[in-house]
Structures are given as structure tokens and as C-alpha cells.
2 protein chains.
Amino acid sequence: MSEQKTSSDTRDRILDVAERLFMENGYEATSMRMITGAAEVNLAAVNYHFGSKEALLREVFRRRLGWLNENRLQALDRLEAQAGGAPLKPSQILEAFFGTLLRMGEDKALGGMTFLRLLGRTLTEPAEFIRTFFAGEYAEVIDRYKQALYRALPDVPQAEIVWRLHFMLGAMSYAIAGTDVLRVVTGVEVGDLAGERPLQDDDTALARRLAQRLMPFLLGGLRAPLPQFDEPARIQKELPTQAARESRPGI
Amino acid sequence: MSEQKTSSDTRDRILDVAERLFMENGYEATSMRMITGAAEVNLAAVNYHFGSKEALLREVFRRRLGWLNENRLQALDRLEAQAGGAPLKPSQILEAFFGTLLRMGEDKALGGMTFLRLLGRTLTEPAEFIRTFFAGEYAEVIDRYKQALYRALPDVPQAEIVWRLHFMLGAMSYAIAGTDVLRVVTGVEVGDLAGERPLQDDDTALARRLAQRLMPFLLGGLRAPLPQFDEPARIQKELPTQAARESRPGI
DNA sequence: GATTCGTTCAAACGTTCGTTTTAATCTTAG
DNA sequence: CTAAGATTAAAACGAACGTTTGAACGAATC
């Protein structure tokens, strides 16, 4: 029961370095020797402290996602308590979900933009153990927020809400992961491209600006008119079936 | 057997198999032996026909992106000719850009959803040779469409348009790549999750449904109200500076 | 029939991978 | 201090990686 409270310096240095290198190179292209070399620890230290490379990646995420999803649930709890049973506004829900994440990008102690970029890229990684891990980590949060959106938008078919949640996750995921792509390929900053003043290489400013621009976009997409189908007419409004059995990864 | 191998038979089988395996496993996690084994060709055939594994990946994309971006430019040419000098409607521009792509998902001869998923996933891969390749392939198309959007939305700061283009690419990229993630992790189809009738395992239907739902979302996001900045006031409308020096990957 | 040339083949190349082993070192409670 | 356990160090493991080699094949050309 008593956790070993070693708080090993080696352990934390490995996690910090792995977080950065996985972000820069991807999981497969990052070798144990690159990690232990950059962290200035022995090669065997990773297997000693974490067991395997896969377990290392999981731990890199666990220490961040634990905080993230806990705070997301708390934010939703707070909003629902304030509303006193009434449905929330979509903007409140998005702010709680995406705002909590984007605030991590401004805080170096929570991983900063390094972790956000890693997360954005890893969500599209096809490796099975990664998808399984994310599905488990996100199951509760996604389900809670989906239910909140169902209540907030009672006139929108639930299938449509699921799709749009999917789209929103993608916009944010790619926007985060892509800013670095842009930087590397072009050598300029996103805001800089269209004439804005350049960013100091301060991730805090990037995270804040990203949040300010992403939120209106997501809200506009979420509340867009429903699509017109060219297929034979079919029921647009589904029952709130308990089909919420699924769990899926999201950012 | 009467089946006769033409000189390009091996080459095409390698490309088709590589396209599928890169999509399923990612570039790094797909070995030459997996590819040549599944294609039932000799291990050395890849290096003989393409030169290297990197060159193989580039060729997998080149044969599809050539068609895609050519058709995108033609679609834009057609619209601009019809408009006779007047700005296009944002919906027309999005339809030309994203619609052309999504139509590839409905056509097996153009790669179908397999290629779309591969594209969506590869765009976030951090390997330098991949980013460099995409930047070159997309430079002209992105620039043309960006200019069209500038003209279509003269009151929106160009920096904002660049950001929103970025968001739209992300929503589409992740939506495509994610449908398979969803299928594998949960064993159910996206539309199925919220009570819709299940899809026959027909990628054509998935591509069409995706397009019908994505387009209103993107349009809603593109036309959303501009963000309010909490930073000191600064100029919102930039000059059409020739900062269009950059080229960047997009889906 | 012999020659040529593009293609396929089996085998091996050297390197790097994640992991394991065994010993040395550090930390700390009795 | 000493014994015991936790951590680090150095070296090696077998497997898999992308690539190269040199010979064999097959269908045209002379």
C-alpha cells in the first residue's frame, strides 16, 4: 500500500525528455538510446523505472491527462451546479472542454505546448496500444461532455452532435500539432504569415492566441445549420438511446 | 497460369499494398518485409523500383496528390471563370477544395477511403522528409485557395483566414483519419454510435455522409464572428502584403 | 542460337532496435 | 557500522531493420 516515494530525479528527467522527443519525432522514430542519451541516464533506466518503451509512453501521458480530465470534469460539475438543472450553453461547454486543455499550453509545469503538440499528434497514431490507452483515459470525460451537449442542443440530432464533436476535436488537434509543422517547414510563425507581429518564442502567447481564435471557430461550426441529405428522407431526431456505450479518444 | 505479369504489375501491387499498410500502421511501423510479403513480391523489388522506403512513400502520395491538386486547381479556375472577376462565395471555395478531396473517398480507383485516411494521418507525421514533400506538393493549391478566400471575405483579417483555413484542414483531416480509429477501438461505426442505421462496409457511403456533414460545419466555422482579443488593441485589417511566401501542407 | 536488358530472386550486409543480465554503487534503517 | 534494498552502470542479447549484392530468369533483338 505504501507507495515508494523515491521521487527519483532520473525518473522525472526521463519523462520530460521523452515527452519532448516523442513530440519531435513520433513514438516509433524515437529510440530508447535517444531518450536516455538526452536525459543523461543509463540505457537500462527506462526499463527499470517503467518496464518498457510502451509503458514509458503511457506514463508520459498519464501524468498529464490525469490532471487534464480531472479538471475538465470539475469544470463541468461547477457549470452544472451553477445552472441548477437547466441545460448549459454550448459556449460554456466548449470553454470548459477546450479551454481547460488550452490553459495547459500556457503552463510549463503542466507540459506547456510541448505536451499539447504531443497529444495532438499522438491521437492519430495507429498503434493499437496507444488507441486502447486513450480510449480508457477519455471514456468518462467524453461521455459526460457528450451528454451535456445533447442537453444543450435538444433540437440537433444526437448523431450530428457526435460528428461535430469529432470535427471540433480534429480542428483543435491539428491546429495544435500543426503550428510546429508550420514553423519547421516555413520558418515563420502562423500569425506572422499574414502580416501580424511575430511571436516572441513564448509558448504562452501562442497558446493564448490559439485559444482566442479557435473558440469562435468551433462554436460557429457546432451551431451551423444542419446538413441537407440527398438520401431518402429519414428520421432526423433520434431518441436519447443509451447507445452511449462507446468510448473514444479525444483531445 | 494464364495470369501474366506485366512490367508494371509488381510496381502497382507494391504501391497499393504500401498505401494500405502505411495507413494501418504508420510509416515507421511498416517494414519493407511487411509490404513485400503482403504484395507477394521479392524484398528487393521496392529498392529496385523506387530506390528507397522514403521514395516509396513519396510515390504512394504523388500518384494520388497529382490528380487531387490538379482537379482542385481546375475547379477553382472554373468557378472564377463563371464569376467573371467577382469574388467567389465561401461555400463555393470550400466545396471545390474539400469536395474534390472527399470525392476521392468515393472512388476506389482514386484510392478511396484508404488513401484519405492515409493522408489525414500522414499530415501530422513529424518526419522531415514527409513535411518537405507535402510542402512542395501543396504550395500552389494552398496559395490559390487562400487568395480566393481573401477576396471572398474582404472584411475578415487575412491572419484570421489563415488560422481558420488551418482549423478546417484539421477538422477534415482528423475526421477522416479518426473514423477508422473509432471503428477499431469501439467496434462500431460513427453514424451508428448515436442511433443511425449502420453503414454497410461500403466506403462510398461513408465518404458521402462525411462530406454532407463536414461541409456545413466548416462553413459555420469559417463565417463565425471574429474573436475578441483581450490584448491591447491592434490593427485588425492587414495589408495584402506579399507575405504569401510560405507554402504549407494541407489536406 | 546468342545477346541484350529489364526484372526477379535468394542471400547476406552492417546497423540499430528494445530488452536483459550481472555487477557495482548508492541510500538508509537497525 | 553493516546488512538489505534501491538504483545505476556496462556489456551483451537475439531480432528486426533498410539496403545491397550477384546470379538467374524471361522476353525481345540481332
Side-chain angles (χ1 to χ4, degrees), chain A residues 1-61 122 125-130 132-133, chain B residues 1-61 122 125-130 132-133:
Chain A
M1 310 307 179
S2 54
E3 284 270 302
Q4 199 66 27
K5 185 75 172 238
T6 52
S7 163
S8 168
D9 173 59
T10 297
R11 211 184 118 94
D12 288 338
R13 270 224 308 289
I14 291 173
L15 285 174
D16 289 339
V17 167
E19 184 173 69
R20 197 189 82 240
L21 292 183
F22 283 148
M23 180 273 283
E24 291 174 356
N25 313 304
Y27 173 76
E28 298 285 351
T30 303
S31 72
M32 306 274 277
R33 285 165 179 83
M34 292 167 64
I35 295 170
T36 54
E40 297 178 293
V41 302
N42 189 268
L43 172 60
V46 170
N47 284 284
Y48 174 77
H49 283 282
F50 303 98
S52 68
K53 190 187 176 188
E54 290 193 2
L56 169 61
L57 180 71
R58 277 191 292 263
E59 189 54 34
V60 165
F61 278 102
T122 309
E125 289 248 346
E128 172 126 352
F129 86 94
I130 295 179
T132 305
F133 172 74
Chain B
M1 302 309 178
S2 58
E3 187 136 29
Q4 185 171 2
K5 285 188 178 179
T6 72
S7 63
S8 62
D9 184 37
T10 297
R11 215 184 114 94
D12 288 339
R13 266 221 313 290
I14 291 173
L15 286 173
D16 289 340
V17 167
E19 183 172 70
R20 198 189 82 239
L21 292 183
F22 284 148
M23 180 272 284
E24 291 174 354
N25 313 304
Y27 174 75
E28 298 284 352
T30 303
S31 72
M32 306 276 277
R33 285 164 179 85
M34 291 168 65
I35 295 169
T36 55
E40 295 178 296
V41 301
N42 189 270
L43 172 60
V46 170
N47 284 284
Y48 174 77
H49 284 282
F50 303 98
S52 68
K53 189 187 176 187
E54 290 193 3
L56 169 61
L57 180 71
R58 277 191 293 263
E59 189 54 36
V60 165
F61 278 101
T122 309
E125 290 247 347
E128 173 128 351
F129 85 96
I130 296 178
T132 305
F133 171 73

Problem - Residue whose closest nucleotide on DNA chain D lies nearer the 5' end, B/Gly51 versus A/Glu40 - result: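 First, find each residue's nearest nucleotide; the 5'-ward one identifies A/Glu40.
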Problem - Residue pair A/Leu43, A/Arg33: steps toward the side-chain contact (heavy atoms from CB on, under 4.5 Å) verdict - result: CA-CA 6 Å; A/Leu43 172 60; A/Arg33 285 165 179 83; 3.8 Å; yes
Fill in the blank from the handout: Assign each of A/Met34 and B/Tyr48 the nucleotide of DNA chain C bearing its closest heavy atom; nearer the 5' end lies the nucleotide of B/Tyr48
Handout entry: Nearest-nucleotide comparison on DNA chain C, the residue closer to the 5′ end among A/Ala29 and A/Asn42
Key =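 Final value for this comparison: A/Ala29.
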Atom [atom1] of [X] to atom [atom2] of [N]: distance rounded to whole Å?
| X | N | atom1 | atom2 | answer |
| --- | --- | --- | --- | --- |
| B/Asp9 | C/dT7 | CG | P | 12 Å |
| B/Ile35 | D/dG18 | CD1 | P | 8 Å |
| A/Glu54 | C/dC17 | CD | P | 17 Å |
| A/Tyr27 | C/dC17 | OH | P | 13 Å |
| B/Lys53 | D/dT19 | NZ | P | 8 Å |
| A/Asn47 | D/dA10 | CG | P | 17 Å |
| A/Phe50 | C/dT20 | CZ | P | 16 Å |
| B/Leu21 | D/dG18 | CG | P | 12 Å |

Practice task
Would you mind checking if B/Asp9 and B/Arg13 are paired as a salt bridge, meaning a charged N to carboxylate O distance below 4.0 Å?
Solution key: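 Answer for the salt bridge query: yes.
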Practice task
Determine, using ring centers only, whether A/Tyr27 and A/Phe129 are less than 6.0 Å apart.
Solution key: yes
Handout entry: Nucleotide nearest B/Arg33 (side chain, heavy atoms from C-beta), chosen from C/dG18, D/dG18, D/dT8
Key =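 Out of C/dG18, D/dG18, D/dT8, the nucleotide with an atom closest to B/Arg33's side chain is D/dG18.
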Exercise for the section: Compare the minimum distances between each of D/dG18, D/dA9, D/dT20 and the side chain of A/Ala44, then state the nucleotide with the smallest one. Expected result: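 Among D/dG18, D/dA9, D/dT20, the one nearest the side chain of A/Ala44 is D/dA9.
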Handout entry: Sugar-phosphate only, base, or nothing, as touched by B/Thr30 at under 4.0 Å among non-hydrogen atoms
Key = sugar-phosphate
So, OP1 or OP2 of [N]: does either fall under 4.0 Å of a side-chain N or O from [X]?
| X | N | answer |
| --- | --- | --- |
| A/Thr10 | D/dT7 | no |
| B/His49 | C/dT8 | yes |
| B/Ser31 | D/dA16 | no |

Problem - Member of A/Glu19, A/His49, A/Arg11, A/Glu54 meeting the side chain to side chain contact (heavy atoms under 4.5 Å, CB included) criterion with A/Glu59 - result: A/Arg11
Practice task
State, to 0.1 Å, how close A/Thr10 and A/Val41 come at their nearest heavy-atom pair, and which atoms those are.
Solution key: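 Residues A/Thr10 and A/Val41, closest heavy atoms: CG2-CG1, 3.6 Å.
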